[in-house]
Amino acid sequence: GAGVSQTPSNKVTEKGKYVELRCDPISGHTALYWYRQSLGQGPEFLIYFQGTGAADDSGLPNDRFFAVRPEGSVSTLKIQRTERGDSAVYLCASSLNRRQECSRESNQPQHFGDGTRLSIL
Amino acid sequence: QKEVEQDPGPLSVPEGAIVSLNCTYSNSAFQYFMWYRQYSRKGPELLMYTYSSGNKEDGRFTAQVDKSSKYISLFIRDSQPSDSATYLCAMSPNYGGSQGNLIFGKGTKLSVKP
């Protein structure tokens with residue numbers, strides 16, 4: 001399909017393990033966002049990429065969390081030494097941003113994937 | 001106090017009713033306001049997107065923004081069972097080429113009974 005694709009859809013692992021979550025944005029979208037959604041809560045921002053670089057990583061909770069987007073398309077969120085509190089749905093979103101324009105009309109909305117449901121046992 | 005407050009519900013209405021969903025916020029820098037619909041085990045789906053104050057209508061959905069009161073609303077007319085979902089408000093202060101990060105409410109769970 002043409003939407004944001006996230007894999008795996010579900011991931012169950014043991015405390016202390018390393019996990020990688022993948023996001024394929026909508027083709028041509030230059031901006032990519034990671035959010036985390038706990039049960040009964042709205043999504044919470046983790047990190048935002050414009051192209052290959054992280055433009056804002058202020059939402060990453062600690063240094064166990066890291067994300068990359070080496071070619072400006074697919075992104076991987078990496079979590080080291082997982083803890084039970086990391087259990088949540090990890091959502092990826094992308095948007096088409098026109099950096100050359102500086103007007104409110106160039107501010108494009110974010111489109112989300114269905115997320116990866118991460119469970120740490 | 002959280003930046004965005006949204007009553008989590010649940011809200012149950014009969015089919016055909018008018019539904020009113022609301023969020024309040026504290027950050028006067030917010031310029032962009034969105035409503036997302038989220039079905040169970042799915043990602044948020046963009047419904048409405050408005051800039052600054054005013055109303056916007058799209059089919060059965062109307063979004064209102066009152067920046068002076070820091071209050072936004074989503075109205076659903078002639079509600080259908082297929083509208084049963086969690087509705088999330090989201091906002092952003094950013095302007096120009098990027099929205100940066102969105103601030104979401106907790107979401108209101110809506111159930112429309114046939």
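- Contact count versus chain B (heavy atoms, under 4.5 Å) is highest, among S9(A), G115(A), P43(A), for P43(A).
- Dense packing is recorded around CG of L121(A), with more than 12 heavy atoms of other residues, nucleotides or ligands lying under 6.0 Å away.
- Note that CZ of F112(A) is 5.0 Å distant from OH of Y36(B), once rounded to the nearest 0.5 Å.
- For Y33(A) (side chain) and L102(B) (main-chain N/O), no donor-acceptor pair under 3.5 Å exists by modelled atom type.
- One hydrophobic cluster holds both V19(B) and F33(B) under the rule that ILVMFWY side chains link at heavy-atom gaps under 4.5 Å.
- L60(A) is not connected to Y35(A) by any chain of hydrophobic side-chain contacts under 4.5 Å among Ile, Leu, Val, Met, Phe, Trp and Tyr, and they are in different clusters.
- Interface residue Q38(B): only side-chain heavy atoms are found under 4.5 Å from chain A.
- In this structure, CD in Q37(A) is found 6.5 Å from CG in L88(B), a value given to the nearest 0.5 Å.
- Neither the backbone nor the side chain of Q6(A) comes within less than 4.5 Å of any heavy atom of chain B.
- The distance from the CG atom of N101(B) to the CG atom of L46(A) is 10.0 Å, given to the nearest 0.5 Å.
- Under a cut-off of 6.0 angstrom, the local environment of CD in E20(A) is crowded, with over 12 non-hydrogen atoms contributed by other residues, nucleotides or ligands.
- When A90(B), P8(B), P44(B) are compared by the number of non-hydrogen pairs under 4.5 Å with chain A, P44(B) comes out ahead.
- Counting non-hydrogen atoms of other residues, nucleotides and ligands closer than 6.0 Å to NZ of K109(B) gives a total of 12 or fewer.
- Distance CD/Q110(A) to CG/L46(B): 9.5 Å, rounded to 0.5 Å.
- Surrounding CZ of F66(A) are at most 12 heavy atoms belonging to other residues, nucleotides or ligands under 6.0 Å away.
- Under a hydrophobic-cluster definition in which Ile, Leu, Val, Met, Phe, Trp and Tyr are linked whenever side-chain heavy atoms come within less than 4.5 Å, directly or via other members, L32(A) and V89(A) are assigned to different clusters.
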